[in-house]
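Below, chain A is the first sequence line, B the second, and so on; all start at residue 1.
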Amino acid sequence: MITIANVKKTYETGALKVEALRGVSLEIGKGEFLALAGPSGSGKTTLLNLIGCLDSITSGEITITGTPIASLDQVKRNLMRQKNIGFIFQSYNLIPVLTARENVALALQLFKGLKDREIDERAMDMLREVGLEGLENRRPMDMSGGQQQRVSIARALVKKPPVILADEPTANLDSHTGEEILGLMEKLNEDHETTFIFSTHDQMVMDHARRIVRLHDGEIISEVRR
Amino acid sequence: MNGFKMSMLNIFRYRKRSMITASAIAFGVLFSIIMEGILIGSNTDTERNLRDYETGEGKLYASGYFKERSMLPLDFFIERKDRDAIETNAKDIPITSRTNLSSELYFNEDFFPVAGSVTSVLTAVDPAKDARVFRTALKVDSGRWLKAGDTGVVIGSWLAEDIGAKIGYVVTVECRGRGSFYQTFDAEIIGIVKTDDPVVNRNSVFIDQVYADSLLALGGAVTEYTFRSSESGARLDALGAKIADGTGVEFYNWKKVAEEVMKLLNGKQSNGGIFLFFIFIIAAVGITNTMLMAVMERKSELGMLRALGFDKAYIRTLFLMEGFGIGLLGTAAGLILGCAVNLFLVRYGIDFSGLFRDLDIGYRLTGVIRSTWDFKSIMQTAIGALVISTVVAWFPSGKILKDEVADILRK
């Protein structure tokens with residue numbers, strides 16, 4: 001599903017070079033529920049960004065569903081994200097002026113051939129699935145953090161991508177809501193066979209993960225499967 | 001859900017900021033409509049007053065007079081023979097002759113509050129024909145207009161005010177006659193004219209042409225002929241040439257006669273354009289600033305849109321539409337306000353009598369300046385404001401869209 005082969009990422013700020021990843025290799029199969037764990041600066045978010053085609057790889061290769069992404073240009077990386085990857089952000093990143101339904105529908109807007117009515121129905125179905133039926137016309141500011149993260153999950157899943165990347169998805173939520181969100185993601189992972197990859201340093205998230213990959217100073221230091 | 005709706009909603013998301021920026025554009029549009037309206041209105045009124053009180057549609061001068069005309073020379077006359085030919089050529093065309101001379105008007109304490117003198121332009125007119133060409137005779141404020149055989153004078157209203165003149169007062173006029181001899185004569189003020197032309201009001205003294213002829217030994221000659229016509233451009237020039245045909249006189253259309261004034265009017269309109277350019281620059285800076293702040297504040301949203309797969313062109317279009325939307329609000333408000341204010345200015349105008357009374361700024365206007373409706377310039381202003389608002393929204397999004405999505409999200 002996803003093959004990461006000796007991936008390095010170096011950030012350059014003037015004369016300063018920071019090696020965020022120092023040759024990471026990993027195989028991630030279909031339907032995994034995987035946590036990239038580690039302290040701040042360990043490289044987990046950088047790895048997530050590289051898998052998500054949000055940043056360029058310094059060296060090495062990542063292959064997603066058979067497509068190597070290191071040499072893809074911006075347009076092809078855009079297409080890769082559009083078709084294969086859903087994102088869940090720590091701070092939800094919803095569009096405040098749009099309703100929950102519109103935020104979810106936004107992810108389908110780029111899919112040609114889908115009619116407005118179909119987009120609307122799929123957005124509603126997804127909101128129903130994440131337990132937000134009745135709240136579809138609310139704007140983010142009128143929703144709790146947990147509800148906003150559910151909208152964010154619905155937006156990531158509505159286009160049915162094979163991979164969902166979640167950067168610290170529970171970091172802004174209280175523990176009870178965090179549990180609910182993780183439970184929801186586990187259910188969606190099972191129902192849709194979607195691969196979920198989290199970056200986290202939250203033990204609760206790690207407790208839910210079926211595979212934990214620990215990073216430290218840009219290298220994988222351990223791996224646990226359950 | 002389309003991008004247009006999102007952009008429009010984003011305008012109202014930062015309501016105060018959007019409204020402030022739209023207000024700057026509205027002010028620019030409002031000011032533009034008023035400035036253009038007043039400038040064009042002033043120019044139109046000035047041109048009309050020039051033709052009504054000074055130039056008619058065109059003038060005929062003896063050869064050599066045109067170049068020296070500002071000095072009011074007494075060396076170039078249209079003689080009797082040419083006058084007959086001109087009047088025959090003109091047939092039914094309203095035409096009249098005048099002679100303009102530089103003069104000094106003396107007034108003493110027998111009639112006036114103080115004694116003194118003032119430089120004036122003495123114009124000998126044909127009372128019977130003058131009103132066919134000029135509107136001066138229709139603008140008598142007190143007393144009456146000249147009649148053939150009158151030995152009195154009619155003076156401009158501001159001149160009368162300046163020296164404290166009233167009907168029946170006697171002034172002494174000093175000027176040169178033909179051959180440069182000095183002539184001095186007393187004349188009763190029989191009329192005061194209050195025209196729409198400051199030049200006439202400020203220093204004009206009118207006298208009967210027959211009486212002037214006898215005083216100044218003109219021998220039936222005059223310095224100019226002026227006519228009215230509905231023709232313009234090449235047809236007017238052809239008409240002037242036809243009237244001058246068979247004589248030694250030269251024809252100059254009114255724009256040529258008043259070329260200094262015309263240059264001034266065109267210059268003022270150009271200056272108005274520069275001023276408006278700066279107003280739109282301010283509006284453009286406002287939009288750029290608003291868009292820049294919007295980009296900075298919405299980085300995470302922009303990053304998310306890029307992460308979803310939206311390309312740079314789509315995101316840039318969102319900002320362009322937002323700039324267009326703010327521009328549309330500002331332009332609409334500016335048009336409504338501008339048209340409302342302009343409606344008032346077209347109907348009632350602004351009273352600048354104090355300014356024009358004491359200061360000669362070239363306009364042939366005496367008091368109220370009225371605006372006009374120039375729909376072409378209003379449309380240009382509106383389209384210009386919309387284009388500027390949209391185009392300047394292009395730049396702020398440029399920098400951030402160059403970055404990697406991860407960098408946008410990290411920032």
Side-chain angles (χ1 to χ4, degrees), chain A residues 9 11 13 20 45-57 74-111 116 119-120 123 139-141 152 155-156 158-159 161 165 167, chain B residues 1-19 290-291 293-319 321-326 329 397-411:
Chain A
K9 176 68 184 175
Y11 292 106
T13 315
T45 299
T46 301
L47 183 56
L48 212 61
N49 286 340
L50 295 182
I51 298 168
C53 303
L54 299 177
D55 211 347
S56 54
I57 299 165
Q74 287 257 19
V75 177
K76 285 179 180 156
R77 277 159 63 186
N78 249 9
L79 277 173
M80 174 61 79
R81 286 197 299 270
Q82 190 186 321
K83 288 180 179 167
N84 296 306
I85 304 162
F87 293 91
I88 299 167
F89 298 99
Q90 179 183 333
S91 49
Y92 330 126
N93 289 10
L94 300 173
I95 306 276
V97 293
L98 303 184
T99 62
R101 187 171 52 192
E102 288 167 339
N103 265 291
V104 177
L106 193 64
L108 293 174
Q109 204 176 300
L110 287 168
F111 286 79
D116 287 350
I119 290 174
D120 208 43
R139 292 214 160 82
M141 69 174 75
S152 173
R155 182 182 62 191
V158 72
K159 59 185 181 183
L165 303 176
D167 186 14
Chain B
M1 179 66 221
N2 57 42
F4 181 73
K5 186 181 171 189
M6 204 194 313
S7 295
M8 294 305 110
L9 289 170
N10 272 325
I11 292 172
F12 294 100
R13 178 173 168 189
Y14 304 104
R15 197 169 294 154
K16 271 188 191 166
R17 192 193 304 155
S18 296
M19 289 308 120
T290 301
M291 289 298 123
M293 289 180 79
V295 168
M296 294 302 154
E297 286 167 0
R298 280 187 238 155
K299 275 178 191 166
S300 60
E301 288 166 43
L302 298 183
M304 182 276 298
L305 286 172
R306 293 286 309 280
L308 284 181
F310 287 94
D311 60 15
K312 292 176 186 178
Y314 178 89
I315 293 170
R316 190 160 250 166
T317 307
L318 289 179
F319 282 99
M321 285 193 290
E322 208 168 315
F324 176 82
I326 293 174
L329 282 175
S397 55
K399 168 75 179 76
I400 200 156
L401 289 177
K402 281 182 192 160
D403 294 341
E404 292 281 357
V405 183
D407 292 331
I408 301 172
L409 288 166
R410 200 170 18 247
K411 283 171 184 172

message = Test your reading of the model: is there a side-chain donor-acceptor pair from A:Lys159 to the backbone of A:Gly86, 3.5 Å cut-off?
response =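 Absent.
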ask   = Is it true that a side-chain atom of A:Asp167 and a backbone atom of A:Gln90 form a donor plus acceptor pair closer than 3.5 Å?
value =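 A pair under 3.5 Å: no.
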task = Taking heavy atoms only and a threshold strictly under 4.5 Å, list by residue number the residues of residues 46-53 of chain A that touch chain B; give 'none' if the list is empty.
result =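 The stretch touches chain B at A:Asn49.
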ask   = Under the side chain to side chain contact (heavy atoms under 4.5 Å, CB included) test, which residues partner B:Asp311, sequence neighbours left out?
value =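 So B:Asp311 forms a side chain to side chain contact (heavy atoms under 4.5 Å, CB included) with A:Asn78, B:Ala313, B:Tyr314.
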key: No-hydrogen, no-angle side-chain donor-acceptor test under 3.5 Å, A:Tyr11 and A:Asp55   =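 Checked: A:Tyr11/A:Asp55 side chains pair up, N/O donor to acceptor below 3.5 Å.
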task = Side chain from CB out, backbone as N, CA, C, O: work out which of these in A:Leu94 comes under 4.5 Å of a heavy atom of chain B, or both, or neither.
result =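 Just the backbone, heavy atoms under 4.5 Å.
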query = Which region of B:Arg306, side chain (C-beta onward) or backbone (N, CA, C, O), has a non-hydrogen atom less than 4.5 Å from a non-hydrogen atom of chain A, or is it both or neither?
reply =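 The answer is both parts of B:Arg306.
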key: Residues that B:Tyr14 engages under ring pair (Phe, Tyr, Trp, His ring centres under 6.0 Å), provided they are two or more places apart   =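 If we apply the ring pair (Phe, Tyr, Trp, His ring centres under 6.0 Å) test to B:Tyr14, skipping adjacent residues, there are no hits.
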query = Tell me, which pairs form a salt bridge (Lys or Arg N to Asp or Glu O under 4.0 Å) where one or both residues lie in residues 76-92 of chain A, sequence neighbours left out?
reply =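 Output for this query lists A:Arg77-B:Glu404.
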task = Please indicate whether B:Phe12 has more than 12 foreign heavy atoms, meaning atoms of other residues, nucleotides or ligands, lying under 6.0 Å from its CZ.
result =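 For B:Phe12, atom CZ is not crowded (no more than 12 foreign heavy atoms under 6.0 Å).
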